[in-house]
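Right, one structure below, let's go through it.
Along the sequence shown, the residues carry numbers beginning at 1. Only heavy atoms go into these numbers, but all of them, side chains included; no hydrogens, no water, no symmetry mates.
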Amino acid sequence: MLSTTGRRALGVWTVATLMFLYAPLLLVLLNAFNASRTFAFPPTGFTLAWWGDAARSTGMWKALANSAVVALGATTIALVLGTMAAFAVQRYRFFGRSTVSFLVVLPITLPGIVTGIALNATFTSVLAMTLGLATLIIAHATFCVVIVFNNTQARLRQMGTSLQEASADLGASAWQTFRFVTFPMMRGALLAGAILAFALSFDEIVVTTFTTGPTVQTLPIWIFSNLFRPNQAPVINVVAAALTVLAIVPVWLAGRFGGDPAAARM
């Protein structure tokens, strides 16, 4: 048991840690309503005008749509490939199994600039592809696969094989076992993996810089390119504030459905 002094010290340390993490985000939220274009602190006044400017920004909406399309495409590819790889590694024994697992996870550990350069060279020099939405989706899928793979493999490891074996013993086919036993137990992990993969793709900027074309701009690229323009700075803060609030949703959903299958039904 901690002493009274120890509990107080732990509480102070916890508050200090949370302030370290969230004070910059609170400043972004505050600046979204700051009447000053220079974001003087403390604010000289508050206004909702910047929110109206952001709502009327055609560039922002177009970039948002591009980000959503890329994230959805990358997540779809990641769900298929990541799930298949996880089942292969977790349910079967074969030569090089640990190597395959390592190679699937490796892309997310590489520096983004290395991945971006490698993919850019592959698309332009080897495959002679024009950089655009297609190359962005493929590029983002390379690291989104890892998220789905890890989530699926963890759930498969947790599940074991006893229920699938019991289903087979009772006469169910492989498809029936997957449909009525395996998939319902996997659904939460797949959903959590898809949500996290979508969020990771939506936020990506380094790999995007190397694999997007001149006519395609995602939301992170749009934010970065307008960040230092005085007339756009208030709008950028509004977009950043909105994204900060919206980011709570996928994190909550991933935590809600990514744990124990029984917990998701409570």
Side-chain angles (χ1 to χ4, degrees), residues 69-112 114-123 126-127 129 133-165 167-168 172-204 206-208 211 250-251 253-255 257-261 264:
V69 170
V70 171
L72 284 172
T75 300
T76 301
I77 295 173
L79 274 175
V80 175
L81 298 182
T83 302
M84 293 174 65
F87 268 91
V89 169
Q90 193 61 36
R91 286 290 187 259
Y92 300 96
R93 299 293 181 267
F94 53 88
F95 177 75
R97 175 171 166 267
S98 59
T99 302
V100 171
S101 180
F102 171 78
L103 291 176
V104 172
V105 176
L106 182 61
I108 205 170
T109 65
L110 294 174
V114 174
T115 303
I117 292 172
L119 289 171
N120 179 278
T122 301
F123 291 142
V126 179
L127 301 177
M129 294 177 65
L133 278 176
T135 56
L136 267 181
I137 291 172
I138 296 171
H140 285 204
T142 60
F143 52 81
C144 288
V145 166
V146 182
I147 304 298
V148 177
F149 174 80
N150 283 338
N151 269 44
T152 306
Q153 188 179 37
R155 178 57 58 82
L156 288 172
R157 190 181 297 115
Q158 180 186 23
M159 284 168 44
T161 59
S162 57
L163 291 179
Q164 286 81 359
E165 292 170 354
S167 175
S173 65
W175 167 246
Q176 289 174 322
T177 298
F178 177 80
R179 179 182 176 185
F180 296 110
V181 180
T182 306
F183 180 72
M185 297 180 68
M186 293 293 305
R187 191 163 44 206
L190 293 176
L191 179 59
I195 292 171
L196 292 175
F198 182 93
L200 184 63
S201 171
F202 192 89
D203 185 53
E204 172 58 39
V206 178
V207 174
T208 303
T211 56
V251 174
L253 289 175
F257 296 104
D260 186 6

Mind listing the side-chain donor-acceptor pairs of residues 94-104 below 3.5 Å, one per line with the distance, residues two or more places apart or on another chain?
from	atom 1	to	atom 2	distance (Å)
R97	NE	V89	O	2.4
R97	NE	Y92	O	3.3
R97	NH2	V89	O	3.0

Which atom pairs, one a donor and one an acceptor, fall under 3.5 Å between side chains of residues 70-77 and the rest of the protein, sequence neighbours left out?
from	atom 1	to	atom 2	distance (Å)
T75	OG1	A71	O	2.6
T75	OG1	F198	N	3.4
T76	OG1	L72	O	2.8

What pairs of donor and acceptor atoms, side-chain ones from residues 173-180 against any protein atom, are under 3.5 angstrom apart with sequence neighbours left out?
from	atom 1	to	atom 2	distance (Å)
S173	OG	Q176	N	3.2
S173	OG	Q176	OE1	3.4
Q176	OE1	S173	N	2.9
T177	OG1	S167	OG	2.9
T177	OG1	S173	O	3.0

Only distances under 3.5 Å count here; give the side-chain donor-acceptor pairs of residues 136-143 to other protein atoms, sequence neighbours excluded, each with its distance to 0.1 Å.
from	atom 1	to	atom 2	distance (Å)
H140	ND1	S201	O	3.4
H140	ND1	S201	OG	2.6
H140	NE2	T208	OG1	2.8
T142	OG1	A139	O	2.5

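Enclosure of atom CG in N120 by more than 12 non-hydrogen atoms of other residues, nucleotides or ligands within 6.0 angstrom is indicated.
Separating the CZ atom in R157 from the OG1 atom in T152 is a distance of 11.5 Å, to the nearest 0.5 Å. Note that the CD atom of Q164 and the CE atom of M159 stand 4.5 Å from one another [nearest 0.5 Å]. From I117, atom CD1 reaches atom CG of L110 across 12.0 Å, with rounding to the nearest 0.5 Å. Atoms CG and CE, from L79 and M84 in turn, are 12.5 Å apart once rounded to the nearest 0.5 Å.
R155 is not listed as a side-chain neighbour of M185, based on a closest heavy-atom distance of 4.5 Å or more. For the pair N150 and V105, the minimum side-chain heavy-atom distance is below 4.5 Å. Between I147 and I108 there is a side-chain heavy-atom pair separated by less than 4.5 Å.
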Evaluate L190 against F183 for side-chain contact (heavy atoms from CB on, under 4.5 Å), listing each step before the verdict. CA-CA 9 Å; L190 293 176; F183 180 72; 3.9 Å; yes
Taking it one step at a time, do T122 and M129 satisfy side-chain contact (heavy atoms from CB on, under 4.5 Å)? CA-CA 9 Å; T122 301; M129 294 177 65; over 6 Å; no
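Applying the side-chain hydrogen bond (donor to acceptor under 3.5 Å, both in side chains) rule to T83 yields no partners; only residues at least two apart in sequence or on another chain are considered.
Counting all heavy atoms, side chain and backbone alike, A197 lies closest to C144 at O-SG, 3.3 Å. Nearest heavy atom pair, residue A86 against residue Q153, reads CB-N, 3.8 Å. What you find for G112 and V207 is that their closest heavy atoms are O-CG2, 3.6 Å.
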